[in-house]
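Structure first, then comments.
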Amino acid sequence: MPELPEVEYERKRLQRAMAGARIRDVILRRANLRYAFPSDFVRRLAGQRVRGVARRAKYLLAELGSGDVLLMHLGMSGSFRVVHRNTRERVPDEGRYNLHDHVIFEVSTGAIVVFNDPRRFGFMTLLAPGEVDTHATLGRLGPEPLAPRFDASALAKELRQRRTTLKAALLDQRVIAGLGNIYVCEALHRARLSPLRRASTLTTQAGEPRPALNLLVQAIREVLKEAIRNQNRPGGDDDRFRVYDREGRRCPRRGCGGTITRIVQGGRSTFYCPVCQS
DNA sequence: AACACCCCCTGTCGGC
DNA sequence: TGCCGACAGGGGGTGT
């Protein structure tokens, strides 16, 4: 599931469960997820205090007392669950975990944090102090869409030279960090922009944002903020999205009357309304 | 640079 | 009912 709003949700839960507390122990129930765990993974985590849990794009970063950073990615199917147990109780039996519970953190508060990831596209690793800044992928990430410094001018600089489609450009984490397939579709619909439009056409020759780009920036912010705001409430799973996974339905825009269409771009589904998105 | 294609892995869903 | 392919919200790699 996890795009920026979902990762932010997991961050808050981890922050509540772990911040200020100590990691008593870590149980790895397999040697790898997407990548192998570092051989000293457990040793470097055990006994460490968690200063806080931060998010960058779709990455989670738990800062430890040692200065190490626990870097985590949820991949396509990763999620955490937090079990609160009486601290006097014994460590749970192996048998109480599910098939895809791969990593278990036992926290000094008595909370037990379980990472579950059926597809195992997620990963965890440890970065020494300083490695956060030099990390290949983290270093190349584009701006956070919810950060104040992110605006139409910033996005214009990235899109100006791109001859690729808007859909592909917005999915590129170097252009803007944290959007995924769903929220790109949703933001483009809100901004009434075609996913097939060339990215560079939202800027002037000089690289200044055209009016449509201002609308897009606003749409991206709104879509993400709404998703973050709504994720506590029980899922009206059906009307959560306006276009995503709604092929064949009526466009929800008042007076549009178009039909949501599915196309494939870069091997991934795009949902949009060909009538009001141009 | 950008594209098209491949991979990683498991689960689910629709069609037959 | 079972089988089988298509597809899934992630990223990364290749070759053209």
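Letters A, B, ... mirror the listed sequences (proteins, then strands); counts begin at 1.
Looking at every heavy atom in both residues, A/A21 comes nearest to A/T109 through CB-CG2, 3.7 Å.
Taking atom CZ of residue A/R174 and atom C1' of nucleotide C/dG10, one finds them 16 Å apart after rounding to whole Å. Rounded to a whole Å, the CG atom of A/N230 is 20 Å from the P atom of C/dG9. When the C1' atom of C/dG12 is taken as reference, atom CG of A/L141 falls 14 Å away, rounded to whole Å. Atom-to-atom, CG of A/D245 to C1' of B/dT12 comes out at 13 Å; the value is rounded to the nearest Å. With rounding to whole Å, A/K167 atom NZ is found 12 Å from B/dA4 atom P. The CZ atom of A/F123 sits 16 Å away from the C1' atom of B/dC9 (whole-angstrom rounding). Here B/dC6 presents its P atom at 16 Å from CZ of A/R268, a figure rounded to the nearest Å. When rounded to the nearest whole Å, the span between CD of A/E6 and P of C/dA8 equals 16 Å.
Phosphate contact (OP1/OP2 of B/dG11, side-chain N/O of A/H100, threshold under 4.0 Å): present. Contact annotation: A/T137 does not reach the phosphate of C/dG11 (side-chain N/O to OP1 or OP2, under 4.0 Å). Applying the 4.0 Å criterion to OP1 and OP2 of C/dG9, one finds that A/Y183 has every side-chain N and O outside that range. When the side-chain nitrogen and oxygen atoms of A/S269 are compared with OP1 and OP2 of C/dC7, none of them lie within a distance under 4.0 Å. Considering only side-chain N and O atoms, A/T164 lies under 4.0 angstrom from the phosphate OP1 or OP2 of B/dC3. For the OP1/OP2 pair of B/dT10 and a distance below 4.0 Å, the side-chain nitrogens and oxygens of A/R120 include at least one atom meeting the criterion.
Between the OG1 atom of A/T270 and the NZ atom of A/K167 there is a distance of 3.0 Å, given to the nearest 0.5 Å.
For the C1' atoms, the distance linking B/dC3 with C/dG9 amounts to 23 Å, nearest Å. Separating the P atom of B/dC9 from that of C/dC3 is a span of 23 Å, rounded to the nearest Å.
Residues in residues 189-202 of chain A take part in these side chain to side chain donor-acceptor pair (under 3.5 Å) pairs, two or more places apart or across chains: A/R190-A/E226, A/R197-A/T201. The ring pair (Phe, Tyr, Trp, His ring centres under 6.0 Å) analysis of residues 256-278 of chain A, with sequence neighbours excluded, yields the pairs A/Y244-A/F271.
B/dC8 has A/F121 stacked on its base ring, the centres lying under 5.5 angstrom apart and the planes within 30 degrees of parallel.
Within the nucleic acid shown, A/R34 comes within 4.0 Å of at least one base atom, counting heavy atoms only. Looking at heavy-atom distances under 4.0 Å, A/Y35 makes contact with sugar-phosphate atoms alone, never a base.
Counting only heavy atoms from C-beta on, A/Y244 has its side chain closest to C/dG9 among B/dG11, C/dG9, C/dG11. Proximity note for A/M76 (side chain, C-beta onward) versus C/dG10, B/dA2, C/dG11: the nearest is C/dG10.
Counting only N and O atoms by type, the side chains of A/D117 and A/S77 include a donor and acceptor under 3.5 Å apart.
For B/dC9, the base has a donor-acceptor partner in the side chain of A/R119 [N/O atoms by modelled type, under 3.5 angstrom].
Side chain of A/E144 to backbone of A/R55: no donor-acceptor contact under 3.5 angstrom is found. Counting only distance, with no hydrogens or angles, the side chain of A/E3 and the backbone of A/K58 share no donor-acceptor pair below 3.5 Å.
With A/D101 as the fixed residue, the salt bridge (charged side-chain N to carboxylate O under 4.0 Å, His left out) test singles out one of A/R81, A/R120, A/R96: A/R81.
Stretches of at least 3 consecutive Watson-Crick or G-U wobble pairs, with each checked distance under 3.5 Å, appear in DNA chain B as B:2-8 with C:10-16, B:10-16 with C:2-8.
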